[in-house]
Amino acid sequence: MNIESLELKNFRNYGELHMDFSPGTNLLYGDNAQGKTNILEAIYVCATTRSHRGSKDREVIEFGTDEAHIRCTVNKNKTSYRIDMHLKKDRPKGIAVNGVPIRKASELFGTVNVVLFSPEDLNIIKNGPSDRRRFMDMELCQLNRLYVHSLVSYNRVLMQRNRLLKDIDFHPELKETLDVWDMQLVQYGSELIRFREDFIQKLNPVIGKIHSDLSGGRESLRLVYEKNTEVKDFENAVRKSRGSDLRQKMTLTGPHRDDIGFYVKNSDGEKEMDIRKYGSQGQQRTAALALKLSEIELVKQLLKENPVLLLDDVLSELDTGRQIHLLSAIKDIQTIMTCTGMEDLVSRDFKIDRKFEVKNGTAVLRKSKEDSE
């Protein structure tokens, strides 16, 4: 799988932009605040329907305009797909694949698989549980469309139930309707739990090997899916929690409160350590890098195809050893990466197939001497 081209209109600081990518390594370089990350963001939106920055549609539309357009052409299994996205300030986005509108944004998942790695991802271990749940959700949505349906349904029920818990204070008679929402909460939540259990089970051997290589065999890493409740106990747990839910006016039980544990053990046999709480910055960053590389490997194993890797100025945040490991791991997949300078890549003798200089909302292809001859 590879992205062939990208067109932007009124997206962030780009009035109009057209880029043709190499199926190998593409470098976007230039000073800070010129729009390099905006290009990666546009690709990510085309793959997942949402910004990795958490931005709303109206926030990515160029100032002074009401609409933005993204067109991304993808080659997948020797078949071309054209994804068109129409972003609007006050209405839901419009999406079409090969000119055919899709009814739900969730139907886009799986058309193009991307793995995005930004400096913020290096903090996923020490950040709160919501970041780790988001990792599970975004990866599973790309791997399994059934998960998309369960997640969308669960979030809708959760939002309605939380709204009802607030309204009951003013309309006590509404309490009788809680049973209906509880039933749906358990139904869709149980589906999420099962999918996540299977995901962590498949991820563990992959990340274990990668982490061992990164640490030179000195440490072993184990992920633990820390469920808020077991499937078999879910219904009873929701029932028992109802009094607390009514007092706090929010749903306190369910997979929206899950987490992933990261446990490291040294080769000398010391006790396993929860690196979310007690790990050094080096251990946390090694685990975060292993997690991202595991995403790539899992897509290869489960979907039998390579994802597109988006690297947003990550090299500057990694030490030499981790840089070398990352660069060696991505040689066989399409990579679109940003950096302020090319010194690190040149010093590593890393092959760059296409270079774009990004400056003031433009991205100009710069040919090397070899290309010109």
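Below, all heavy atoms of this structure are taken into account, side chains as well, without hydrogens, waters or symmetry copies. The chain is numbered in sequence order, starting from 1.
By the 4.5 Å heavy-atom criterion applied to side chains, T253 and F234 are counted as neighbours. Here the side chains of H86 and D84 are not in contact, with every heavy-atom distance at 4.5 Å or above. Annotation: side chain of L311 is in contact with side chain of L326 (closest heavy-atom distance under 4.5 Å). Contact annotation: the side chain of V74 never approaches that of T111 to less than 4.5 Å [non-hydrogen atoms, C-beta and beyond].
Between F135 and F199, the ring planes lie tilted relative to each other; the angle falls in the 30° to 60° range. Between Y154 and H256, the ring-plane angle classifies as tilted under the 30° and 60° cut-offs.
Put simply, the side chain of K202 never gets that close to the backbone of L298: no donor and acceptor are under 3.5 Å apart. Checked by atom type and distance alone, the side chain of R161 never pairs as donor or acceptor with a backbone atom of D182 at under 3.5 Å. A side-chain donor-acceptor contact under 3.5 Å links R133 to the backbone of D258. A donor-acceptor pair under 3.5 Å links the side-chain atoms of N306 to the main chain of D332, judged by distance alone. In this structure, the side chain of N162 does not engage the main chain of M250 through any donor-acceptor pair within 3.5 Å. Under the 3.5 Å distance criterion, the side-chain polar atoms of R285 are left unmatched by any main-chain donor or acceptor of L318. Side chain of S328 to main chain of H325: a donor-acceptor pair is present (N/O by atom type, distance under 3.5 Å, no hydrogens or angles). Without hydrogens or angle criteria, Y14 side chain to G35 main chain gives a donor-acceptor distance under 3.5 Å. For the pair E305 (side chain) and N77 (backbone), a donor-acceptor distance under 3.5 Å is absent. Between the Q334 side chain and the S22 main chain, a donor and an acceptor come within less than 3.5 Å of each other.
A donor atom on one side chain and an acceptor atom on the other are not found under 3.5 Å apart for N155 and Y188. No hydrogens or angles considered: nothing links the side chains of S153 and R156 as a donor-acceptor pair under 3.5 Å. For the residue pair D313/T338, the side-chain donor-acceptor check at 3.5 Å is not satisfied.
Note: the hydrophobic cluster containing F117 also contains I207 (ILVMFWY, side chain heavy atoms under 4.5 Å, direct or indirect links).
Between F262 and the options R132, Q284, Q283, a side chain to side chain contact (heavy atoms under 4.5 Å, CB included) holds for only R132. Under the side chain to side chain contact (heavy atoms under 4.5 Å, CB included) rule, L185 has a single partner from L178, V157, V180, which is V157.
The two residues S150 and F195 come nearest to each other via the heavy atoms OG-CE1, 3.9 Å.
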(Q) With salt bridge (charged side-chain N to carboxylate O under 4.0 Å, His left out) as the criterion, how do R194 and E197 come out once you've worked through the C-alpha distance, each side chain's angles and the decisive distance to 0.1 Å? (A) CA-CA 5 Å; R194 292 189 184 99; E197 281 179 327; over 6 Å; no

Q: For side-chain hydrogen bond (donor to acceptor under 3.5 Å, both in side chains), just list the numbers for S241 and D245, CA-CA rounded to whole Å, side-chain angles, deciding distance to a tenth of an Å, and then say yes or no.
A: CA-CA 6 Å; S241 181; D245 290 357; 2.9 Å; yes

(Q) Assess the residue pair D319 and R322 against the criterion (salt bridge (charged side-chain N to carboxylate O under 4.0 Å, His left out)); give the C-alpha distance rounded to whole Å, side-chain angles, the decisive distance to 0.1 Å, and a yes or no. (A) CA-CA 6 Å; D319 61 24; R322 295 186 183 96; 2.6 Å; yes

Q: Please test Y44 against M138 for side-chain contact (heavy atoms from CB on, under 4.5 Å), starting from the C-alpha separation and ending with a verdict.
A: CA-CA 11 Å; Y44 193 82; M138 294 311 298; 3.5 Å; yes

(Q) D20 vs E4, test: side-chain contact (heavy atoms from CB on, under 4.5 Å). Steps then yes/no. (A) CA-CA 6 Å; D20 293 311; E4 296 180 327; over 6 Å; no

Q: Give the C-alpha distance, both sets of side-chain angles, the deciding distance and a yes or no for salt bridge (charged side-chain N to carboxylate O under 4.0 Å, His left out) between D353 and K351.
A: CA-CA 6 Å; D353 298 286; K351 186 177 186 297; 2.3 Å; yes

Q | Trace of the side-chain contact (heavy atoms from CB on, under 4.5 Å) decision for S51 with E59 | A | CA-CA 10 Å; S51 164; E59 295 168 348; over 6 Å; no

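To the nearest 0.5 Å, atoms OG (S220) and CD (E272) are separated by 7.0 Å. If you take NZ on K104 and OG1 on T49, they are separated by 13.5 Å, rounding to the nearest 0.5 Å. For the atom pair R71 CZ and C46 SG, the distance stands at 10.5 Å (nearest 0.5 Å). Taken from CG in N13 to CZ in F63, the straight-line distance is 14.0 Å, to the nearest 0.5 Å. Taken from CG in L108 to NZ in K93, the straight-line distance is 10.0 Å, to the nearest 0.5 Å. Rounded to the nearest 0.5 Å, atoms CG (D121) and CG (L116) are 6.5 Å apart.
With salt bridges taken as basic N to acidic carboxylate O contacts below 4.0 Å, none links K36 and D312. Taking the charged nitrogens against the carboxylate oxygens, D179 and R242 do have a contact shorter than 4.0 Å, which makes a salt bridge. With salt bridges taken as basic N to acidic carboxylate O contacts below 4.0 Å, none links K227 and D233. Salt-bridge annotation for D259 and R276: present, with a side-chain N of the basic residue lying under 4.0 Å from a carboxylate O of the acidic one.
Under a cut-off of 6.0 angstrom, the local environment of NZ in K89 is crowded, with over 12 non-hydrogen atoms contributed by other residues, nucleotides or ligands. E107 CD: more than 12 foreign heavy atoms inside a 6.0 Å radius.
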